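Shown next, in structure tokens, is the structure this report addresses.
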Protein chains: 2
Amino acid sequence: MQHCYDYPRPAVTTDIVVFTLRNERLSVLLIRRARDPYAGYWALPGGFVEPDETLERGALRELQEETGLTQVYLEQLYTFGEPQRDPRGRVISVAYLALAPLEALQPVAASDAAALDWFEAEHLPEMAFDHRDILALARARLRAKLNYSTLAFKLLPETFTFHELQRVYEIVGEQELDKRNFRKFIRSLNVLQETGETRRNGAHKPALLYRLAGSAVIYHDRQGT
Amino acid sequence: MQHCYDYPRPAVTTDIVVFTLRNERLSVLLIRRARDPYAGYWALPGGFVEPDETLERGALRELQEETGLTQVYLEQLYTFGEPQRDPRGRVISVAYLALAPLEALQPVAASDAAALDWFEAEHLPEMAFDHRDILALARARLRAKLNYSTLAFKLLPETFTFHELQRVYEIVGEQELDKRNFRKFIRSLNVLQETGETRRNGAHKPALLYRLAGSAVIYHDRQGT
DNA sequence: ACAAAAGTGTTCTCGATACACCCATGC
DNA sequence: GCATGGGTGTATCGAGAACACTTTTGT
């Protein structure tokens with residue numbers, strides 16, 4: 001069945017940049033394209049928006065279908081609409097930024113593993129369409145928002161140590177931070193709850209575990225550096 | 001002639017929030033809708049994206065066609081895609097934020113004056129679709145960006161006095177600022193050029209006129225408060 | 001006892017804020 | 001000469017940055 005309109009319409013897709021921390025590296029989930037155009041290249045997960053879903057629902061659905069992921073934090077990034085960005089015709093893509101702790105992302109193994117992989121943001125493969133640009137923007141946005149929001153917590157599981165949180169800021173921000181200043185900074189945000197639990201890692205003093213108070217991303221004005 | 005596709009496609013439009021300062025008030029340009037849906041309501045200028053133009057070009061073209069405006073600063077704001085936002089069917093709108101000094105906007109008079117008007121951001125009429133939400137977001141974005149960019153200058157003509165610049169920050173930020181601190185703040189950005197000219201306004205000391213060095217919006221980290 | 005990570009305070013610098021007076025002009 | 005807006009400097013406060021040692025645990 002064909003769908004006909006009086007004027008030409010672009011196709012609308014979502015593309016999702018899923019970031020997580022893996023082996024102490026900022027990493028992105030990519031899918032290897034089996035078909036032309038760009039067969040063999042790697043691409044962001046995503047796909048066409050359906051008639052009755054919001055853009056955000058569409059992004060979540062595609063992510064679920066293509067990667068098995070669910071339970072990720074999602075926010076709109078930017079809309080890419082260069083007429084020539086897809087050789088098949090006019091495709092406008094609403095890009096989303098997604099964040100999740102690696103633990104929440106094990107379902108990745110449930111999908112076709114050959115076609116799905118994590119890549120370090122510093123070592124990207126050849127990418128399809130303008131996906132490298134989208135990724136670069138997502139990374140810049142994430143980095144910028146660390147400094148005035150609690151976005152970093154979305155890369156951690158529900159409970160975490162102070163050191164793990166600091167590593168998020170260090171890895172994403174690409175600079176080492178002073179332990180005492182960092183703790184002072186985080187405490188000044190008043191968003192941490194002690195869980196009372198501790199975690200033993202090795203032959204060391206056990207670390208206190210914390211939890212974020214509330215699940216909303218909070219915006220503040222201080223710098224996290 | 002009909003355009004047919006294998007899957008249904010949404011229509012894609014741009015909507016433009018044009019801000020300017022008028023009578024010391026932040027104001028928006030709106031168009032009165034002649035036809036249903038929302039006949040008689042006011043709406044943001046905008047319209048369908050054509051097959052061979054970028055989203056930004058489409059926004060500029062619609063602005064030109066509907067309001068006669070050209071030479072505005074434009075940046076992408078957000079993409080609105082609720083399935084029910086337009087009663088005629090699925091319409092996804094890429095919203096743009098536009099800024100310009102009132103002087104650059106006189107062409108407004110060239111259009112159908114009955115259907116076009118400026119409204120104070122504080123006193124909006126009944127608006128069509130989700131345009132009130134779009135406008136609210138645009139305003140929040142503008143206000144936030146004042147504090148870490150040179151966006152405010154886009155609301156001023158090429159040359160301006162220090163006091164005019166301060167008024168932009170005060171009106172958009174909705175708070176009065178100290179004259180000396182404000183000058184110190186602006187100077188620390190190192191983006192001002194003296195023109196050497198002065199402007200006489202009334203029975204007062206003439207004010208020095210400045211110009212922004214370069215036309216690009218610059219991002220900084222200091223606060224403008 | 002020692003190796004390794006957890007945890008804690010103080011000092012300094014610099015940007016943000018508060019605040020009051022003289023200057024140039026038109027009438 | 002006076003009313004009006006244009007223009008300038010200093011003192012205080014607080015956040016950001018630099019910096020070193022003690023504590024707890026496993027082996």
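Residue numbers begin at 1 in each chain, while the letters A, B, ... track the order of the sequences. Just so it is clear, the model here is predicted, and its values are computed rather than measured.
For the pair A:Asn201 CG and D:dT24 C1', the computed distance is 14 Å after rounding to whole Å. A:Leu177 places its CG atom 17 Å from the C1' atom of C:dG7, with the value rounded to the nearest Å. D:dA17 atom C1' lies 14 Å from atom CG of B:Asp221, rounded to whole Å. Between A:Asn190 atom CG and D:dA15 atom P there is a gap of 12 Å when expressed in whole angstrom units. C:dT17 atom C1' lies 17 Å from atom CZ of B:Arg183, rounded to whole Å. Taking atom CZ of residue B:Phe185 and atom P of nucleotide C:dA18, one finds them 15 Å apart after rounding to whole Å. Atom P of nucleotide C:dG7 and atom CG of A:Leu209 are separated by 9 Å, given to the nearest angstrom. Rounded to a whole Å, the CD atom of B:Glu164 is 12 Å from the C1' atom of D:dG5.
Helix bend of the helix from C:dA1-D:dT27 to C:dC27-D:dG1: the angle between its two end axes, each built from five pairs, comes to 10° after rounding to 10°.
A:Thr54 meets the side chain to side chain donor-acceptor pair (under 3.5 Å) test with no other residue; sequence neighbours excluded. Taking the salt bridge (charged side-chain N to carboxylate O under 4.0 Å, His left out) definition, one finds that A:Arg141 meets it with nothing, sequence neighbours left out. In this structure, the salt bridge (charged side-chain N to carboxylate O under 4.0 Å, His left out) partners of A:Glu120, at least two apart in sequence or on a different chain, are A:Arg25.
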Apply salt bridge (charged side-chain N to carboxylate O under 4.0 Å, His left out) to residues A:Lys154 and A:Glu75 and explain how you reach the verdict.
CA-CA 12 Å; A:Lys154 299 295 181 185; A:Glu75 70 173 46; over 6 Å; no
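Using a distance-only test at 3.5 Å, with no hydrogens or angles considered, no donor-acceptor pair links the side chain of A:Glu56 to the main chain of A:Leu74. Looking at B:Thr20, its side chain does come within 3.5 Å of a backbone N or O of B:Leu102 through a donor-acceptor pair.
Within the structure, every side-chain polar atom (N or O) of A:Arg187 is placed at least 4.0 Å from both OP1 and OP2 of D:dA15.
Listed by first and then second residue, the salt bridge (charged side-chain N to carboxylate O under 4.0 Å, His left out) pairs that reach into residues 165-181 of chain A are A:Glu24-A:Arg167, A:Arg139-A:Glu174, A:Arg143-A:Glu174, A:Arg167-A:Glu170, A:Asp178-A:Arg180, sequence neighbours excluded.
Between A:Arg199 and A:Glu164, at least one side-chain N (NZ, or NE/NH1/NH2) sits under 4.0 Å from a carboxylate O, which counts as a salt bridge.
Using a 3.5 Å distance cut-off with no hydrogens or angles, the side chains of A:Thr195 and A:Thr159 do not pair a donor with an acceptor.
No engagement by B:Arg199 is indicated, since no non-hydrogen atom pair under 4.0 Å with the nucleic acid exists.
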Where protein sits on nucleotides 19-27 of chain C, one letter per nucleotide: B base, S sugar-phosphate only, - none, heavy atoms under 4.0 Å
BB--BBBS-
